[in-house]
Protein chains: 2
Amino acid sequence: MKSVIPVTTLEIKTACSQCNLRELCLPFGLDPNEVDQLDELVGSRRKIKRQQHLYRSGDTFEAIYAIRAGSFKTDVILEDGRDQVTGFQMTGEVLGLDGISTEHHSCNAIALEDSEVCVIPFGRLEELSRQVESLQHQFHKIMSREIVRDHGVMMLLGSMRAEERLAAFLLNMSQRFTARGFSPSEFHLRMTRDEIGSYLGLKLETVSRAFSRFQEEGLVAVQQKHIRILDTPGLKRLLNHHAV
Amino acid sequence: MKSVIPVTTLEIKTACSQCNLRELCLPFGLDPNEVDQLDELVGSRRKIKRQQHLYRSGDTFEAIYAIRAGSFKTDVILEDGRDQVTGFQMTGEVLGLDGISTEHHSCNAIALEDSEVCVIPFGRLEELSRQVESLQHQFHKIMSREIVRDHGVMMLLGSMRAEERLAAFLLNMSQRFTARGFSPSEFHLRMTRDEIGSYLGLKLETVSRAFSRFQEEGLVAVQQKHIRILDTPGLKRLLNHHAV
DNA sequence: GGAGCCCTTTGATCCACGTCAATACGATTT
DNA sequence: AAATCGTATTGACGTGGATCAAAGGGCTCC
């Protein structure tokens, strides 16, 4: 027997239970019944066009966002105009956690391509995670993962040389594409050299030169934003074989 | 009428309700009854001698720690020996959040001086925060604050010059000492030039030279680890007046 | 309270990355 | 298919901070 569901509902409602990203996202570790409860609180989806803001620094914090399609960057801007990209986010990753601390967002989230997010009203998430232990724990893990990730970036910015930073970046991207079922060795970067540079604490020329160098050495094949990793162990060696 | 409490209990039990750090720490925003519940789960205190580890990278994660006295640094170490200080923590701040994500700590926490922490078993904290909404929210704020702080460090490492980094560091220390009721302008640094350098992505010689430069310019008076800030606006100007 | 050692300062030199500049490429629009 | 504009590459040169080196200075631990 089939249950009859109006088409409109299917279109309007977000359904974590149907989402192929649930293993990466908030529903991870929840049983089907709990996922249904989560489904109910995920109010709506929101489409964000390329280059548009999902939220801005200073905006009142109301919800966190799970990326359903597309990708984003987050950045912080100083009064004098300097900016720093603090991260690139892919599908299944959560945006907006910075806003909890002061009830206002402290960075900008900008779509790198036409994207779609699930809006998760934060008050309701806290409410449900008081009832659903596995949801509470998964949410805590996601926040903690963000902290660990940031420590990795600090290591990168604080103690690595340009080529090491780029190698670490490429290996990280590769790993995240893999986790999403894409090729580990061939992918399309959504961000510019300037944005990569900002993230890695380098100028865009330095990023470009490092790419060229990797290409010369047969580590990767670079064609603009299209990357093919030819020698993963070689990239990894670059990271650890640092002459002390 | 006075209630009679055995002296031993007073000594053994931690008491958030009695702690003058409660406005900075987990109890913030809780009503007295809720603080009592928190008191019950704070199992024990632990004394850590200078230079000793509170936990090490790889250790199984069991608890988070609130600093009751003293101060700590956290660092990450790469296989090739390079290390990066990811933060300095003072009284009332919480350590160990990195461990939630994988059930294992991902950094080292080392006491900068003889210190004492309150051990907060994490499972029980999650349990209680399912019952006490204000505790849940305060915990989320603390995690979020850590993320925002890390973004600030990324900005510092990614887009500031040496003297700007040190100025930002000093202003940050000043502000945190102030929040703890100490002088905003005169304090004692617990960490070495090398540790400051690691945190700021600089070599210790560069840190030392920047201190000397600040002294020449009358911004601060430096005597080893004893710092007197003479011109706070001057330091702030250094941060924002960056020639683009 | 003295010995030893770690920490800090300062100078001289080097080099990785930044800066400036010119050109080339590619996606989008018309 | 040409025009336009943002993006990327590459070269030449400059510089901020790293590195190497050598004194001092002040804790810490007997």
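What you are looking at is a predicted structure, and each value in this text was computed from that prediction instead of being measured. Proteins come first, then strands; the chains are lettered A, B, ... in the order of their sequence lines, and each starts at number 1.
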Provide, to the nearest angstrom, the distance between the NE2 atom belonging to A/His226 and the C1' atom belonging to D/dT7. 18 Å

Whole angstrom is fine here: how far is it from CD in A/Gln223 over to P in D/dA8? 13 Å

When B/Met191 and A/Val207 are each assigned the nearest nucleotide of DNA chain C, the 5'-most assignment goes to B/Met191

Tell me if the CZ atom of B/Arg180 is crowded by more than 12 foreign heavy atoms within 6.0 Å. yes

Taking every heavy atom of B/Ile229 against every heavy atom of B/Val220, the minimum-distance pair comes out as CA-CG1, 4.0 Å

Using OP1 and OP2 only, check whether a side-chain N or O of B/Thr206 sits under 4.0 Å from D/dG17. no

Measure CG/A/Leu112 against P/D/dT7 and give the value in whole Å, please. 12 Å

Whole-Å distance between D/dT10 P and A/Arg213 CZ? 13 Å

Could you tell me the separation between the CG atom of A/Asp194 and the C1' atom of D/dG6, rounded to a whole number of Å? 11 Å

Confirm from the modelled atom types if B/Arg209 and D/dG16 form a donor-acceptor pair under 3.5 Å, side chain to base only. no

Check the distance between D/dG16's P and B/Met160's CE and give it to me in whole angstrom. 18 Å

For the side chain of B/Leu202, starting at C-beta, report the closest nucleotide among D/dG26, D/dG16, D/dA18. D/dA18

What closest approach, in Å, do A/Ser183 and A/Phe177 show between heavy atoms, and which atom pair accounts for it? O-CB, 3.9 Å

Rounded interatomic separation in angstrom, taking NZ from B/Lys203 and C1' from D/dG17: 11 Å

Describe the nucleic acid contact of A/Gly201 in one word from base, sugar-phosphate, nothing, applying a heavy-atom distance below 4.0 Å. sugar-phosphate

Nearest to side-chain heavy atoms of B/Arg193, which nucleotide of C/dT9, C/dG26, D/dG17: C/dT9

Does A/Leu204 reach a base, just sugar-phosphate, or nothing at all? Heavy atoms under 4.0 Å. base

Within the structure shown, what part of the strands sits under 4.0 Å from A/Ser212 by heavy-atom distance: base, sugar-phosphate, or nothing? sugar-phosphate

When B/Glu163 and B/Arg50 are each assigned the nearest nucleotide of DNA chain D, the 5'-most assignment goes to B/Glu163

When the ring centroid of A/Phe187 is compared with that of A/Phe182, is the distance short of 6.0 Å? no

Closest non-hydrogen atom pair, A/Met154 against B/Val85: CE-O, 4.3 Å

Looking at C/dC7, C/dT19, D/dA8, which one has an atom nearest to any side-chain atom of B/Thr192? C/dC7

Please give, in whole Å, the distance from C/dT9 P to B/Phe214 CZ? 13 Å

Can you tell which of D/dG17, C/dG18, D/dT19 lies closest to the side chain of B/Glu205? D/dT19

Please work out if B/Ser208 contacts a base, only the sugar-phosphate, or nothing of the nucleic acid, heavy-atom cut-off 4.0 Å. base

Would you find a donor on one side and an acceptor on the other, under 3.5 Å apart, between the side chain of A/Glu195 and the backbone of A/Thr192? yes

Below 4.0 Å: OP1/OP2 of D/dT7 and any side-chain N or O of A/Lys225: no

